Amino acid sequence: ANEENKKMAEEQHHNMIEGLVEGTSNLANFMKDKEVVACEKAFNLRIDLPFAILYDGCEYHSIYIIGSIDFIVKDKDGNLHVIDFKSGKTLFKPKKLKENLQLKIYSLVVDQIYGRLPKSTQYYFTRFDEFQSVLPLGKVENERIVEYYKNGKIKQQGALTQEVYDELINIFHRQYTIGKYPSNPTPLCS
């Protein structure tokens with residue numbers, strides 16, 4: 001299965017590059033008026049905690065999320081856009097798209113590094129040449145992005161940066177004080 005996954009990834013990568021070069025893919029269309037700011041941008045996001053973590057006999061009051069952002073681009077107006085490449089066999093279901101913290105964390109990182117939140121955050125599924133957008137974060141209530149149904153009722157709301165920090169702190173609190181936080185690792189996790 002490992003060889004099969006490697007071959008599939010190579011094929012998807014080839015198709016993605018071919019679509020970019022020929023200008024025929026959704027990714028190429030998205031990139032037409034943008035310049036690349038960063039690829040695989042490494043980060044260390046510090047989260048200060050309102051409680052102590054005891055680890056190996058030492059007390060800690062902060063935790064770091066370490067990772068890298070696949071792609072950051074800038075449009076002609078200077079707005080930043082974050083893209084995370086996905087090679088999975090299916091698109092995300094709406095619930096996962098709404099609840100997943102990955103692009104929200106990347107938004108916090110972009111704000112920390114570049115001093116502003118991204119204008120858009122998207123997953124790009126290489127297998128399907130399709131984007132799935134996640135509502136971008138706002139810093140204050142009047143910057144919160146809201147999508148409405150045709151009847152005027154709220155369909156969904158984007159989060160605020162403080163809400164994401166609070167959610168992360170809550171996760172870490174459950175993980176380190178209760179000791180049993182469920183994880184669902186995939187074979188891609190190291």
Side-chain angles (χ1 to χ4, degrees), residues 1-43 45 65 67-139 143-150 154-161 164 184 186-189:
N2 195 14
E3 239 352 92
E4 183 181 323
N5 285 344
K6 185 177 179 182
K7 184 177 178 180
M8 181 183 65
E10 288 173 357
E11 183 180 318
Q12 287 178 22
H13 184 256
H14 173 79
N15 291 342
M16 184 176 73
I17 298 301
E18 188 176 84
L20 276 169
V21 170
E22 294 174 359
T24 58
S25 69
N26 285 327
L27 182 59
N29 190 45
F30 177 79
M31 290 299 299
K32 277 183 184 169
D33 63 344
K34 296 175 183 67
E35 78 179 66
V36 176
V37 173
C39 290
E40 293 295 326
K41 180 70 174 172
F43 68 83
L45 179 64
I65 299 174
S68 64
I69 301 172
D70 287 348
F71 211 42
I72 304 170
V73 299
K74 180 171 60 172
D75 65 27
K76 62 184 186 243
D77 296 323
N79 297 308
L80 298 174
H81 304 266
V82 173
I83 299 172
D84 185 64
F85 294 103
K86 295 293 182 197
S87 59
K89 295 179 182 179
T90 61
L91 299 175
F92 288 152
K93 298 208 180 309
K95 182 177 180 182
K96 180 169 182 160
L97 204 56
K98 183 180 177 186
E99 293 177 356
N100 195 312
L101 287 170
Q102 185 177 10
L103 289 176
K104 293 174 184 176
I105 290 169
Y106 290 177
S107 292
L108 298 176
V109 171
V110 166
D111 187 39
Q112 182 183 65
I113 294 172
Y114 300 102
R116 62 190 189 273
L117 291 168
K119 176 88 171 168
S120 73
T121 55
Q122 303 178 79
Y123 294 107
Y124 174 72
F125 289 81
T126 57
R127 180 185 297 240
F128 307 108
D129 185 33
E130 271 192 54
F131 286 96
Q132 280 189 307
S133 295
V134 173
L135 291 180
L137 299 183
K139 288 187 182 182
E143 292 177 357
R144 185 189 299 270
I145 305 296
V146 180
E147 283 188 348
Y148 295 93
Y149 289 106
K150 288 183 182 179
I154 294 175
K155 181 177 182 179
Q156 66 174 331
Q157 295 185 93
L160 299 178
T161 54
V164 177
N184 298 310
T186 71
L188 299 175
C189 294

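Note that the coordinates shown come from a computational prediction; the quantities given were computed from them, not determined experimentally.
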Would you call N26 and F125 a side-chain contact if the rule is heavy atoms closer than 4.5 Å?
-> no

Pairs flagged by ring pair (Phe, Tyr, Trp, His ring centres under 6.0 Å) wherever residues 99-122 is involved - sequence neighbours left out | F43-Y106

Which atom pair, heavy atoms only, marks the closest approach of T126 to S87?
-> OG1-CA, 3.5 Å

Would you please name every residue forming a side-chain contact (heavy atoms from CB on, under 4.5 Å) with K93, sequence neighbours left out?
-> none

Taken in chain and number order and not counting sequence neighbours, the residues that satisfy side-chain contact (heavy atoms from CB on, under 4.5 Å) with K155 are E147, Y149

side-chain hydrogen bond (donor to acceptor under 3.5 Å, both in side chains) with E40: which residues, sequence neighbours excluded?
-> S68

Spacing of CZ belonging to R116 relative to CG belonging to L80, to within rounding of 0.5 Å = 4.0 Å

Taking salt bridge (charged side-chain N to carboxylate O under 4.0 Å, His left out) as the test, write out the residues that go with K34, two or more places apart.
-> none

Please report the shortest heavy-atom distance between P136 and P118, naming the atom on each side.
-> CB-O, 3.7 Å

K119 meets the side-chain contact (heavy atoms from CB on, under 4.5 Å) criterion, sequence neighbours left out, with N79, H81

Would you say K98 has more than 12 foreign heavy atoms packed within less than 6.0 Å of its NZ?
-> no

For L160, the side-chain contact (heavy atoms from CB on, under 4.5 Å) test, sequence neighbours excluded, returns E141, R144, E163

Decide yes or no for V36 and M31: does some side-chain heavy atom of the first lie under 4.5 Å from some side-chain heavy atom of the second?
-> yes

For the residue pair A159 and V164, what are the closest heavy atoms and their distance?
-> CB-CG2, 4.1 Å

Which residues pass the salt bridge (charged side-chain N to carboxylate O under 4.0 Å, His left out) test with K86, sequence neighbours left out?
-> D84

Given V134 and L97, is the side-chain contact (heavy atoms from CB on, under 4.5 Å) satisfied, shown in steps?
-> CA-CA 7 Å; V134 173; L97 204 56; 4.0 Å; yes

With rounding to the nearest 0.5 Å, note down the distance linking CG in D75 to CD in E35.
-> 9.5 Å

Once you round to the nearest 0.5 Å, how far does CD1 of I69 lie from CG of L103?
-> 9.0 Å

Under a 4.5 Å cut-off applied to non-hydrogen side-chain atoms, are K41 and V109 in contact?
-> no

To the nearest 0.5 Å, atom CG of L108 lies from atom OG1 of T161 at 6.5 Å

Within-4.5 Å side-chain heavy-atom neighbours: L137 and T121 | no

Quick one: side-chain hydrogen bond (donor to acceptor under 3.5 Å, both in side chains) partners of Q122, sequence neighbours excluded?
-> S133

Partners of Y148 by ring pair (Phe, Tyr, Trp, His ring centres under 6.0 Å), sequence neighbours excluded?
-> none

Sequence neighbours left out, what passes side-chain hydrogen bond (donor to acceptor under 3.5 Å, both in side chains) with K32? Give chain and number order.
-> N29

Sorted by chain and number, sequence neighbours left out, salt bridge (charged side-chain N to carboxylate O under 4.0 Å, His left out) with D129 holds for none

Mind checking the OH-OG spacing from Y124 to S25? Nearest 0.5 Å is all I need.
-> 4.5 Å

Classify the angle between the aromatic ring planes of Y123 and F92 as parallel (below 30°), tilted (30 to 60°) or perpendicular (above 60°).
-> perpendicular

